[in-house]
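Atoms within each ligand, like the ligands themselves, are counted from 1 in listed order. The chain is numbered in sequence order, starting from 1.
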Amino acid sequence: MGLGRKIGDYLDLRLGIRDILEQNLTRYLLPRNINAWYTLGAVLFTLFALQFATGILLLVYYNPTADEAFRSIQRIMNEVPYGWLIRTVHAVGANIIILALLMHMLSVLFMGSYKAPRELTWVAGFLLLLLSLGMCLTGYLLPWSQLSFWATTVATSSSGEIPLVGDVVLRFLRGGAMVGQPTLGRFFALHVMGFPLIFGLLVLIHLFCVRRVGISRPPFGPEWHPAEPPVTFHHEEHPDGIPFFPHYVAKDGATIAFFLALLLAVVFFAPGLFFPPASFEPADPFTTPRGIKPEWYFLWAYQTLKIFPNEFLGLAVQGIALILLLLLPFLDRSPERRPARRPLFVSVYFFGIALFIALSVWGHYS
Ligand code: HEM
């Protein structure tokens, strides 16, 4: 008897693990017409695992003080063996994750899988998206470069425009009137400890919801019909479906490989893509570099603030848009999920994507 089998028997006798594995792998059936968009959750899971691993390695040499942070990153890039690889994978990985997050969200919107009874899955997912943006924002400051310093100054300054409490909020975020050591301290604490802890909890809630409710059947094909949401708890079964393992795991693996290839392609062939010149200079509070722009996924927000005559109005419009998106499953209550039967939703959907792209391009060139 092989060693693997012996270990398996040992664990099975004590914990019954074969039953758990079978229930969640070979006997876990997914809809027959499931498509590649459903692999994005697994892609995100993998990319975040990579982010955690490279983040922990970066912590070995990173020093979170205003005097040392920039130099410690330079040391990681130039002296620590493979430090450049770990750091570049972490920085580029953040961008690829946001891309995958947006694609995952757009796919569940298009297929209407945010609808009842999956409202809580959506809410947990949306909070994960906001938290991921928070992790990007706090991580951006850590290298303490000119880019970090001025991008954070711009990003936090709009909060000062909120009537009455603006100044208090601004000082709370920065830990003082200006971006400085206290800002670096709190952003570091949030980036490496505070946010990841909440993030881990939310991922567990999100995956629990997905597994407990059951994967939704894609709303395509002649046999799909809208059904009223159940009045008592109901796990969506797919008795004629395909097993998660090995069938869907193979599909998950293919998309994961694609995203990892994309990540490595940027790391090896365009390593400077997300590093503008200001990211190679140490932070200098007395010299504002020209043309500081936020990262591509914050450009829409940056441009919206510039369009409105006062920043508070811009912030309010952004806040309302985000709250509407968060509450979407509670507002959109029809059980119809087929895109062809939801012309109004699909029009708003494509208009929203076009607006996001247009604002981002405008923000980039403005
Ligand atoms: C860290 C980020 C996230 C991870 C690791 C994650 C993971 C997953 C996984 C593994 C699934 C099941 C397979 C699939 O449909 O892809 C899933 C489903 C789902 N996710 Fe996420 N997700 C994340 C973020 C989000 C976000 C930002 C949203 C929306 C705002 C969202 C909404 C949903 C919904 C509604 C489903 C149910 C899909 C269905 O049953 O058809 N997720 N997620």
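Checked against the 6.0 Å centroid threshold, Tyr38 and Tyr248 do not count as a close aromatic pair.
Minimum heavy-atom separation, Gly314 to Phe308: CA-CD1, 3.6 Å.
Among residues two or more places apart in sequence or in another chain, the side-chain contact (heavy atoms from CB on, under 4.5 Å) test is passed with Phe351 by Leu355.
The salt bridge (charged side-chain N to carboxylate O under 4.0 Å, His left out) analysis of residues 26-49, with sequence neighbours excluded, yields the pairs Asp19-Arg27, Glu22-Arg27. Under the side chain to side chain donor-acceptor pair (under 3.5 Å) criterion, the residue pairs touching residues 188-212 are Asn24-Arg211, Thr138-His191, with sequence neighbours excluded.
Figure legend: Arg14 and Tyr10 shown as a cation-pi pair, the cationic atom lying under 6.0 angstrom from the six-membered ring centre and within 45 degrees of its axis.
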Just the distances, no angles: every ligand 1 N or O to protein N or O pair closer than 3.5 Å, one line each.
from	atom 1	to	atom 2	distance (Å)
ligand 1	16 (O)	Tyr38	O	2.9
ligand 1	16 (O)	Gly41	N	3.2
ligand 1	20 (N)	His104	NE2	2.8
ligand 1	20 (N)	His206	NE2	2.9
ligand 1	22 (N)	His104	NE2	3.1
ligand 1	22 (N)	His206	NE2	2.9
ligand 1	40 (O)	Arg118	NE	3.4
ligand 1	40 (O)	Ser216	N	3.1
ligand 1	41 (O)	Ser216	OG	2.4
ligand 1	42 (N)	His104	NE2	2.9
ligand 1	42 (N)	His206	NE2	2.9
ligand 1	43 (N)	His104	NE2	3.0
ligand 1	43 (N)	His206	NE2	2.8

